[in-house]
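The structure appears right after this line, and notes come after that.
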Amino acid sequence: MDERGRNMRKVVLGLVVGAFVGLSPTLYAALNIKAGLWEITTTIGGQKLGVEQKCYLPKDIDDMEKMQKGATGKADQPCSYSDYKESGGTVTYKMTCRFGSGTPKTSLVTSTYNGDTTTGTITDSGTVITMNSKRVGNCTKSSFDK
């Protein structure tokens, strides 16, 4: 893979990580998703980037919804969120990320929550990243504790 390809992969994975806290899955009042262990498959342009598992506890879901609505209060995060809209089980919002000293990039995020599954896309300058997630079991240790 050439340098441009490696840089693109870093940006894409950064966007995916930033968005996945917002896309991936406890039953929360506004979002039809359940707490537990989730398997997330990410593709870009039809090419599979990878599969990972994350444990989402109720507090992670609370944090996720706050983030999507732009109320994270964390100045050290590379991404900010705005223009949150919800209709049925689908939410949309804008995600603006800056990595290092690079130019900020704004993407449109669309996620549909169906209890034990989620689907989502991140669209940026014609590039579409697709994420499909499914709940695969229970868990007790958050993937997001530091």
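Here the OG1-NZ distance, from T110 to K85, works out to 10.5 Å after rounding to the nearest 0.5 Å. Put simply, CG on L49 and OG1 on T43 are 7.0 Å apart, with the number rounded to the nearest 0.5 Å. From M64, atom CE reaches atom CD1 of I61 across 4.0 Å, with rounding to the nearest 0.5 Å. With rounding to the nearest 0.5 angstrom, the OG atom of S107 is 7.0 Å from the CD1 atom of I129. Of the inter-residue distances, the one linking D62 atom CG with M67 atom CE reads 12.5 Å to the nearest 0.5 angstrom. Atom NZ of residue K48 and atom CG of residue N132 lie 10.5 Å apart, to the nearest 0.5 angstrom.
Side-chain N or O atoms of S143 include one that pairs as donor or acceptor with a backbone N or O of C55 at under 3.5 Å.
T119 has its side chain out of reach of M131: every pair of non-hydrogen atoms, C-beta onward, lies at least 4.5 Å apart. Annotation: side chain of K59 is in contact with side chain of D145 (closest heavy-atom distance under 4.5 Å). Looking only at side-chain heavy atoms (C-beta outward), Y81 and M95 come within less than 4.5 Å of each other. Contact check for Q53 versus C139: no side-chain heavy atoms found under the 4.5 Å cut-off. Proximity of V128 to T130: side-chain heavy atoms (C-beta onward) are separated by under 4.5 Å at one or more points. R135 has its side chain out of reach of T118: every pair of non-hydrogen atoms, C-beta onward, lies at least 4.5 Å apart.
Cluster partners of L37, by chain and number: V136. The rule joins Ile, Leu, Val, Met, Phe, Trp and Tyr whenever side-chain heavy atoms lie under 4.5 Å apart.
A tilted orientation is assigned to the rings of F144 and Y56, their planes being inclined by 30° to 60°.
A search for side chain to side chain donor-acceptor pair (under 3.5 Å) contacts involving S142 returns D60, not counting sequence neighbours. Scanning for side chain to side chain donor-acceptor pair (under 3.5 Å) contacts around D83 gives K94, with sequence neighbours left out. T92 meets the side chain to side chain donor-acceptor pair (under 3.5 Å) test with no other residue; sequence neighbours excluded. Shown here are the side chain to side chain donor-acceptor pair (under 3.5 Å) partners of T96, two or more places apart in sequence or in another chain: T106.
Checking each of T117, T41, I40 against S133 for a side-chain contact (heavy atoms from CB on, under 4.5 Å) leaves exactly one that passes, namely I40.
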Q: Applying side chain to side chain contact (heavy atoms under 4.5 Å, CB included), run through V109 and T121 and close with a yes or a no.
A: CA-CA 6 Å; V109 180; T121 59; over 6 Å; no

(Q) Pair T42, I44 - check side chain to side chain contact (heavy atoms under 4.5 Å, CB included), show working. (A) CA-CA 7 Å; T42 305; I44 183 169; over 6 Å; no

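By the 4.0 Å N-to-carboxylate-O rule, D116 lies close enough to K34 to be salt-bridged with it.
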